[in-house]
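Working notes, structure below.
Being a predicted model, the structure only gives us computed values, none of them experimental. Just so we're on the same page: letters track the sequence lines, and every chain starts at 1.
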Amino acid sequence: MSDLKTPLLDELEKGAWPSFVKDLKTMADKKPMVKDLLRQLEKSYTDKRGYWKHGGLVGVMGYGGGVIGRYSALPDEFPGVSHFHTVRVNQPSGWFYTADALNELLDIWDEHGSGLLNMHGSTGDLVFLGTVTDELEPTFRALTAKDWDLGGSGSDLRTPSCCVGPARCQNACYDTLALTYDLTHKYQDELHRPMFNYKFKIKMSGCPNDCTAAIARSDLGIIGIWKDDIQVDQAAFAEYVDSGMDIQGAVVDKCPTKCISVEGKEIKIDNSDCVKCMHCINTLPKALKVGKERGAAIVLGAKAPIVEGALFGSVMVPFMKMDDFEELHDLIERIWEFWDEHGKNRERIGECVERVGLANFIEGIGLEPIPQMIKEPRDNPYIFYEEYYEEE
Amino acid sequence: MAGEISIEQIADEMYQLVAESAGQKKLKSTDLTKAMTSKYGDKVSKQDCKDAIKMLIDSGRCVYGYYGGSSIELPRVEGSANQ
């Protein structure tokens, strides 16, 4: 380490928060490639430009996704990162790992790569950061020998991802873990053999709290919802009142449709006006629960601002029972069929819907128009409305 | 009807398309599928085309590439690779 001079990176180690620089320095003692990674990064900071080349043909035999090729633009100066490919590993549903599973992965990566991990990438995969081309097949063999598989990358179905769902959350309106497992297995070809116009992300959230941000970050969002009334435990509500909690300020005034009122120690909810924002349930978890008639809303078309601007998902199906997943499979395949037929290269499904028109799209996939299908949801997740500041 | 043209024949014809467009145009999976379905109509299905692409890739005659979008290409050393 004594020969490693990184004054600009050293600045990032200062302050209260853990720094990736400290982690990299720890690994640099064990892996020469990490030392060169730090050197190249320091040069990037000094010169104010990146020195990575995106390489497009590396991969493992048979798969078109899962490996992202990366080469240094300065291989002679930094030979350790001459190749520095990234491997995406399909994560377990809900990101539940046993300690044995983690050790298994770490052993594989210590043997075949830099030892650096990203847990997790924004798509959801566990990401192995940095290896050379010759180590890709051995890494893949070692992973599959232990029943792991690669995730998606490129113009394919990206690794389906979900919240912890019913495993740890009382709000889950369907089994997100089971659905993620089901979709991952059913659409193996679409996940590993790119056949789309561009990427397609599916995220599953068990309730409208949307802990996977499916509404903003997935082409197809499956968000748990209920149809009947919010379940109320009036005795538990009375305990909140007795505790001195500001029910009016914390719950009633913050209901977006003003459908909550309090009479004495009883809460009244006009469920016909409820928009399922979850605020009251989150604030009074002992007194309020999601309804009993549960399923999911299907939203389509969200994306981050790559190529075109950011989009939120539009409702396609306001309520789908999730007892079995056949109805969902059928919908997904009709969406892909339409996208195959009418989509352009590098056009996400949300952009395709905007271009052809919502009416043409829903007719094309065989859905009936309904009031919940709004043409323009808030189309930029980064808008800040002035009135919020005025109220404050 | 689908199945009248063998998967091997579809794969061979797809390979020809990839070879002819090498260096000029990157063909996607959907380009190859559309070329086959427009040539043979309902004599080939999308599943036949998927199977043919799988055959091309698994045999090593073609590989997946990525530059902006995923494509099916002839095996070669990519330009950005450091030897």
Side-chain angles (χ1 to χ4, degrees), chain A residues 52-85 132-134 152-157 188-190 192-200 306-307 333 336-337 339-348, chain B residues 2 7 10-11 14-15 17-19 21-39 41-42 44-83:
Chain A
W52 293 113
K53 292 193 289 183
H54 193 289
L57 275 173
V58 286
V60 297
M61 188 67 180
Y63 279 26
V67 177
I68 295 98
R70 198 76 67 189
Y71 300 96
S72 171
L74 303 168
D76 297 332
E77 197 173 342
F78 306 109
V81 289
S82 173
H83 306 195
F84 202 72
H85 310 313
V132 297
T133 306
D134 287 346
S153 68
S155 301
D156 60 10
L157 172 64
Q188 280 286 299
D189 272 355
E190 285 77 7
H192 292 134
R193 297 174 179 273
M195 59 184 78
F196 294 154
N197 299 305
Y198 203 18
K199 65 183 91 167
F200 193 93
I306 302 171
V307 188
E333 284 157 32
W336 285 346
E337 185 86 24
W339 193 34
D340 263 358
E341 198 63 39
H342 302 282
K344 292 181 177 176
N345 192 28
R346 294 198 82 201
E347 182 181 57
R348 297 282 285 271
Chain B
I7 304 299
I10 300 169
M14 285 178 166
Y15 180 81
L17 288 172
V18 173
S21 58
Q24 300 167 51
K25 186 171 188 277
K26 289 181 188 295
L27 296 177
K28 296 173 293 161
S29 174
T30 43
D31 295 328
L32 296 174
T33 302
K34 281 178 182 174
M36 292 300 108
T37 50
S38 68
K39 181 173 181 182
D42 61 4
V44 298
S45 66
K46 284 192 173 177
Q47 187 58 48
D48 293 338
C49 294
K50 272 171 80 170
D51 293 343
I53 291 169
K54 198 171 184 174
M55 185 180 280
L56 281 178
I57 299 291
D58 290 350
S59 67
R61 293 173 77 192
C62 289
V63 294
Y64 285 109
Y66 183 82
Y67 195 83
S70 295
S71 51
I72 294 169
E73 303 173 21
L74 298 180
R76 62 182 169 83
V77 176
E78 60 185 299
S80 58
N82 300 317
Q83 300 303 307

**Asked** Residues in side-chain hydrogen bond (donor to acceptor under 3.5 Å, both in side chains) with B:Lys54, at least two apart?
**Response** none
**Message:** So, taking the atom named OG in A:Ser155 and the one named OH in B:Tyr64, what distance separates them when rounded to the nearest 0.5 Å?
**Reply:** 11.0 Å
**Asked** What are the two closest non-hydrogen atoms of B:Ser70 and A:Gly154, and how far apart are they?
**Response** OG-CA, 3.5 Å
**Request:** Can you tell which part of B:Ser59 gets under 4.5 Å to a heavy atom of chain A, answering side chain, backbone, both or neither?
**Result:** backbone
**Prompt:** Any donor and acceptor pair, going by atom type alone, linking the side chain of B:Lys34 with main-chain N or O of A:Asp340 inside 3.5 Å?
**Reply:** yes
**Message:** Tell me which of these, B:Ser71, B:Ser29, B:Pro75, has more heavy-atom pairs under 4.5 Å with chain A than the rest.
**Reply:** B:Ser29
**Request:** List for me each residue that meets ring-ring contact (aromatic ring centres under 6.0 Å, His included) alongside A:Tyr198, sequence neighbours excluded, and say none if there are none.
**Result:** none
**Complete:** Looking only at B:Val63, B:Asp58, B:Ile57, most heavy-atom pairs under 4.5 Å shared with chain A are made by B:Asp58
**Request:** Please look at A:Asp189 and chain B and tell me whether the side chain, the backbone, both or neither of the residue comes under 4.5 angstrom of a heavy atom of that chain.
**Result:** side chain
**Message:** Using heavy-atom distances under 4.5 Å, tell me whether A:Met195 contacts chain B through its side chain, its backbone, both, or neither.
**Reply:** both
**Asked** Under a 4.5 Å heavy-atom cut-off, does chain B meet the side chain of A:Arg193, its backbone, both or neither?
**Response** both
**Message:** With rounding to the nearest 0.5 angstrom, report the NZ to OG1 distance, A:Lys344 to B:Thr30.
**Reply:** 14.0 Å
**Prompt:** Does any heavy atom of chain B fall under 4.5 Å from the side chain of A:Glu190, the backbone, both, or neither of them?
**Reply:** side chain
